[in-house]
Protein chains: 2
Amino acid sequence: MQGLMMDYPLTMERILEHANRLYPRKRISTVLPDETVHRYTWADLHSRSKRLASALEGLGIEPGDRVGTFAWNNYQHLELYFAAPCIGAVCHTLNIRLSPDQLAYIISHAEDRVIFVDATLLPRFEAVIAGLSRCPRIVLFNVKPGIRIDLPDAIGYEALIAGGSDSFEWPANDENAAMGLCYTSGTTGEPRGALYSHRSMFLHTLGVNQSNALGLVESDVVMPVVPQFHAMAWGLPYACAAAGAELVLPGPHLNPAALARTIADEGVTVAAGVPTIWTGLYEALKVNPRDVSSVRALIVGGAAMPRGLIEAYETELDVPVVHAWGMTELSPLGTVSRLQRHHRALPDADRWDVKARQGYPICGVDMRIVDDSGNEAPWDGSSMGEVQVRGPWVIGRYYRQDPSPDHFTADGWFRTGDVGSMSPDGFLTITDRTRDLIKSGGEWISSVALENALMDHPAVTEAAVIAVPDAKWTERPFAIAVRSPNADPVAAEALQALLASAYPKYWVPDRIVFVEQIPKTSVGKLDKKVIRRQYTEGKFG
Amino acid sequence: MQGLMMDYPLTMERILEHANRLYPRKRISTVLPDETVHRYTWADLHSRSKRLASALEGLGIEPGDRVGTFAWNNYQHLELYFAAPCIGAVCHTLNIRLSPDQLAYIISHAEDRVIFVDATLLPRFEAVIAGLSRCPRIVLFNVKPGIRIDLPDAIGYEALIAGGSDSFEWPANDENAAMGLCYTSGTTGEPRGALYSHRSMFLHTLGVNQSNALGLVESDVVMPVVPQFHAMAWGLPYACAAAGAELVLPGPHLNPAALARTIADEGVTVAAGVPTIWTGLYEALKVNPRDVSSVRALIVGGAAMPRGLIEAYETELDVPVVHAWGMTELSPLGTVSRLQRHHRALPDADRWDVKARQGYPICGVDMRIVDDSGNEAPWDGSSMGEVQVRGPWVIGRYYRQDPSPDHFTADGWFRTGDVGSMSPDGFLTITDRTRDLIKSGGEWISSVALENALMDHPAVTEAAVIAVPDAKWTERPFAIAVRSPNADPVAAEALQALLASAYPKYWVPDRIVFVEQIPKTSVGKLDKKVIRRQYTEGKFG
């Protein structure tokens with residue numbers, strides 16, 4: 001027997017209409033390329049998104065068509081987040097940090113019909129066009145007056161939407177229709193696309209706004225430092241619309257000093273980004289203090305936040321840190337590390353330990369740990385295995401790729417490729433990526449644990465640990481580290497002694513080499529593929 | 001083009017499994033009939049719900065079958081909340097406060113296959129059985145040892161589930177399948193059933209747990225004083241399971257002193273009930289102070305909380321009040337009155353005004369106000385009209401009843417029958433309920449039913465029943481009647497006795513006044529607006 005509830009599709013225009021109806025005067029502020037601040041409201045975004053939507057239809061964009069974006073975090077990009085899905089098209093955010101070859105591959109694979117390009121990124125984008133057999137229609141925003149544009153047929157964004165109508169009526173969208181497309185650059189193989197549906201993103205939005213999760217509220221001022229080309233800025237723009245929160249978009253100004261100023265000037269209450277960003281901000285704030293007391297949650301994801309940095313933020317700057325874990329394939333939110341009731345009585349040191357974990361799965365995400373023999377590992381805080389997930393905002397397959405057992409289990413779980421353990425109280429600790437684990441003398445060694453321990457040392461700002469081939473032990477850990485400019489230099493031997501005091505002796509890297517910088521991927525993560533190539537294939541003596 | 005996300009049905013067993021996986025040791029406490037406290041955990045509830053589920057299948061319960069409950073708030077009732085839906089059956093909560101005739105009608109209309117009866121309510125239930133042509137199977141819990149039960153075939157609850165298996169595997173449920181059934185007594189005609197689906201209740205659960213809504217968290221201890229037979233206890237048991245909150249179920253002990261003691265003893269952080277309950281609690285706390293400082297949210301719904309009482313709770317008892325509005329037909333949550341950012345600077349008096357409103361629609365509920373001519377009224381704080389809603393947890397039709405324009409608009413909105421206005425910042429104020437309905441102590445009373453009963457008396461030609469404000473019960477029914485010139489005069493007391501024989505005692509108007517004529521509208525209907533003005537605004541002594 002079927003229930004008798006309304007047939008109400010879970011589609012993105014519902015969320016936009018909610019924001020416009022309930023929170024029309026709440027602000028969206030963008031730091032423009034020239035560092036002035038552009039301000040408007042959810043009502044403005046609503047009417048401009050309608051203009052943009054009708055203009056997209058005018059360009060011939062049809063339901064299912066991919067609409068590319070190549071841009072920083074700004075209001076025009078945000079308008080595309082809503083306008084494209086709300087006419088049934090797909091908002092395809094291109095990662096501006098990929099190589100021209102990768103981008104050309106992705107644009108061709110996705111068959112983008114039109115690409116909206118932030119003119120401040122034009123030189124970078126022109127290098128991409130060279131590799132395309134057929135160039136999509138280009139729309140430009142943030143064009144500096146007087147600049148000569150060498151793209152025939154390129155349209156200006158404002159001219160485009162000036163021709164649109166703000167009385168445009170949204171079509172009736174199907175909740176299972178695609179609404180967004182994000183490619184994730186595997187460290188192996190070609191980039192793969194996660195194709196979100198209206199339903200999955202609507203549910204992710206409610207999931208994110210649960211109080212146990214990120215729990216955005218009407219009084220929040222949210223700054224996604226995480227780029228809009230990373231898993232829809234972690235879904236925060238939609239969560240803000242649902243909650244009626246204000247948004248602050250930092251544009252291209254991601255240097256620590258600029259972020260510190262924006263937080264202070266705009267009264268940001270929630271800021272979200274990768275650990276590298278927060279490392280930089282911390283150092284900037286130590287040198288040039290700013291009032292960041294408005295921040296109630298510094299959300300960290302994309303990589304593990306070192307325990308010492310969490311402690312420093314909370315004790316020295318009084319900024320609460322919320323560690324989270326997710327993946328593009330999870331829309332992206334999977335776990336959140338908030339202290340629970342039974343942690344209240346813990347001494348501070350133990351609380352930092354809890355906060356340094358990736359956290360508990362939020363309601364809507366099923367999680368299990370599966371060991372090498374395919375058995376579910378107990379939640380005992382030590383048994384490690386692959387993290388597998390299931391839920392309404394997890395991908396069921398990659399775009400234009402047959403489901404492979406490398407990514408999906410026979411019983412329908414997504415294989416994250418991350419290795420971790422679960423504590424008895426349900427907190428995930430990511431110990432490694434499957435392929436980054438080091439196996440030495442038959443024993444597993446966690447590169448992430450070693451990296452975090454190294455980065456907890458005040459004289460180290462960044463560290464990476466990889467496996468290098470070893471005749472005797474098959475593999476041995478090898479570390480590279482970047483010295484902090486604000487501390488006395490530390491010797492490799494001292495770091496080795498530090499690690500030996502905390503881990504089994506065989507975990508201690510035989511060599512720790514200091515470098516100027518560590519190779520990173522386009523999303524700011526340690527690029528172990530490149531590091532391995534540099535240090536295991538003869539480039540390092 | 002369809003998105004490529006997991007096909008993950010939104011079903012209730014997902015929420016139960018989440019609670020069991022993440023929060024197995026969090027407690028569920030029930031105040032038993034003898035006032036001792038029964039305690040167990042979400043893990044216990046999980047395994048006993050599995051036993052119960054397999055026992056239900058053993059009784060021949062099949063997907064779609066209605067499983068009735070006739071009970072106070074307790075753990076056995078909670079087990080039915082999960083076990084019945086999770087095998088695809090429908091948990092049908094019977095309102096113990098209805099008259100035997102009404103209950104017999106509802107049980108027959110729903111075709112309950114089995115009814116789980118709280119033995120403390122047995123005398124009341126036996127009166128219902130007399131009116132049934134065919135008695136469903138009866139399962140009893142809370143049977144006092146040594147009591148003689150006159151029901152042939154009645155089974156004991158513990159004996160039933162002892163035969164069940166806790167390794168029972170949930171079937172694959174369809175998210176659109178029915179999971180719960182609640183009848184609401186309407187203004188006219190027979191009671192009507194709202195038939196919830198797994199999907200609607202799953203979404204309601206995420207909706208409730210948004211931080212802008214009720215936002216339950218893992219550290220909460222939630223006491224639903226609202227009965228489990230009222231709109232699934234406002235969905236709080238499911239929201240607690242999703243959040244990992246603890247539950248406190250007060251059993252039959254709803255008197256103010258008992259509630260005060262339970263709040264203090266159990267450290268309740270969130271308590272939910274109708275205004276009448278909180279009026280009583282406030283008075284009890286003034287006489288016998290208790291430590292209720294654990295309460296972070298006193299949720300009020302079902303009727304309007306008087307502004308003075310909100311102020312008294314917040315200023316005298318330091319208990320934050322969260323006013324909410326909903327309906328059985330909305331699963332039930334529609335609006336929540338939390339102060340917003342722009343209210344922070346208001347003087348206290350203005351803040352109480354805001355808190356006395358019903359609040360803003362939460363994300364997931366679309367709302368509009370429609371005036372008598374069918375036009376949408378502006379959100380100007382004064383224009384009144386019928387409150388109409390739409391959303392994934394709003395009913396699309398009543399159970400076994402064709403959709404009628406009295407309840408649904410042509411464009412697919414549900415007509416709540418409530419009259420209200422919206423402020424420019426999106427806060428609903430219910431200014432007038434349906435012309436006919438009276439809500440006393442959180443329970444609906446049908447004025448039309450009472451009027452018809454009065455007019456059935458040979459000595460009465462016309463009668464009208466309206467709500468008059470009442471400090472304790474919020475509203476009480478008040479009747480006016482016109483004597484028939486053709487019969488011997490009847491006394492008010494005789495009419496009250498007549499009504500008491502047919503309806504619950506609380507339905508009987510406290511006063512019945514005889515008048516020469518009753519105000520009518522132009523089309524000859526009782527003009528309740530005029531009657532109200534005459535009898536509630538001082539014209540009546």
Side-chain angles (χ1 to χ4, degrees), chain A residues 1-8 10 14-15 17-18 21-23 63-64 90 174 176-179 194-200 203 205-207 209-212 215-219 242-244 331 338 340-341 344 360-361 363-364 366 390-399 412 414 426, chain B residues 1-8 10 14-15 17-18 21-23 63-64 90 174 176-179 194-200 203 205-207 209-212 215-219 242-244 331 338 340-341 344 360-361 363-364 366 390-399 412 414 426:
Chain A
M1 187 168 62
Q2 301 283 285
L4 296 174
M5 307 305 284
M6 262 184 200
D7 179 19
Y8 183 98
L10 308 176
R14 310 282 193 177
I15 292 176
E17 291 297 328
H18 175 79
R21 201 69 192 272
L22 270 296
Y23 309 104
V90 180
D174 170 3
N176 290 308
M179 62 70 62
L195 189 66
Y196 307 130
S197 67
H198 282 264
R199 171 182 161 112
S200 69
L203 288 167
T205 302
L206 289 182
N209 278 345
Q210 293 175 98
S211 284
N212 265 355
L216 303 184
V217 289
E218 173 274 345
S219 55
S331 300
R338 285 185 186 281
Q340 296 193 334
R341 201 178 190 189
R344 284 185 190 161
Y360 50 83
C363 184
D366 298 339
R390 200 175 58 175
W393 55 82
V394 178
I395 62 162
R397 54 187 296 180
Y398 288 103
Y399 181 54
F414 173 66
Chain B
M1 188 169 61
Q2 301 283 285
L4 296 173
M5 306 306 283
M6 264 185 199
D7 178 18
Y8 183 98
L10 308 175
R14 310 283 192 178
I15 290 176
E17 291 297 327
H18 176 77
R21 201 70 192 271
L22 271 296
Y23 308 104
V90 180
D174 170 2
N176 290 310
M179 64 69 63
L195 188 67
Y196 306 130
S197 67
H198 282 264
R199 170 181 161 114
S200 70
L203 289 167
T205 302
L206 290 181
N209 278 344
Q210 292 175 98
S211 285
N212 265 356
L216 303 185
V217 289
E218 174 274 343
S219 55
S331 302
R338 285 185 186 281
Q340 296 193 333
R341 202 179 190 188
R344 283 185 190 161
Y360 50 82
C363 184
D366 298 341
R390 200 174 58 174
W393 55 82
V394 177
I395 63 163
R397 54 186 297 181
Y398 288 103
Y399 181 55
F414 173 67

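Bear in mind the structure is a predicted one, so any value in this text is a computation, not a measurement. Residue numbers begin at 1 in each chain, while the letters A, B, ... track the order of the sequences.
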Only pairs of heavy atoms separated by less than 4.5 Å count here; which of B:Asn209, B:Ile15, B:Leu203, B:Asp7 has the most with chain A?
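Between B:Asn209, B:Ile15, B:Leu203, B:Asp7, the count favours B:Asn209.
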Approximate separation, where rounding is to 0.5 Å, of [X] [atom1] and [Y] [atom2]:
X	Y	atom1	atom2	value
B:Arg344	A:Ser219	CZ	OG	4.5 Å
B:Met6	A:Arg397	CE	CZ	13.0 Å
B:Tyr398	A:Leu4	OH	CG	12.0 Å
A:Leu22	B:Gln340	CG	CD	7.5 Å

Is it the backbone or the side chain of [X] that comes under 4.5 Å from a heavy atom of chain B, or both, or neither?
X	answer
A:Arg21	both
A:Arg390	both
A:Thr205	neither
A:Leu216	backbone
A:Asn176	both

For a quick test of reading the model, state the closest non-hydrogen atom pair linking [X] to [Y] and the distance between them.
X	Y	answer
B:Tyr23	A:Asn212	OH-ND2, 3.7 Å
A:Tyr399	B:Met1	CE1-SD, 4.0 Å
A:Gly391	B:Tyr8	CA-CD1, 3.4 Å
B:Cys363	A:Leu206	O-CD2, 4.3 Å
A:Leu195	B:Met5	O-SD, 3.4 Å

Out of A:Gly426, A:Gly64, A:Ala177, A:Gly215, which one racks up the most heavy-atom pairs below 4.5 Å with chain B?
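Going by pairs under 4.5 Å, I would pick A:Ala177.
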Is B:Asp174 in contact with chain A via its backbone, its side chain, both, or neither, using a 4.5 Å heavy-atom distance?
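Contact with chain A: side chain only.
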Any donor-acceptor pair under 3.5 Å linking the side chain of B:Glu218 with the backbone of A:Arg341?
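Yes.
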With B:Asp366 as reference, evaluate A:Arg14, A:Glu17, A:His18 under the side chain to side chain contact (heavy atoms under 4.5 Å, CB included) test and give the passing residue.
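Checked A:Arg14, A:Glu17, A:His18 against B:Asp366; only one passes side chain to side chain contact (heavy atoms under 4.5 Å, CB included): A:Arg14.
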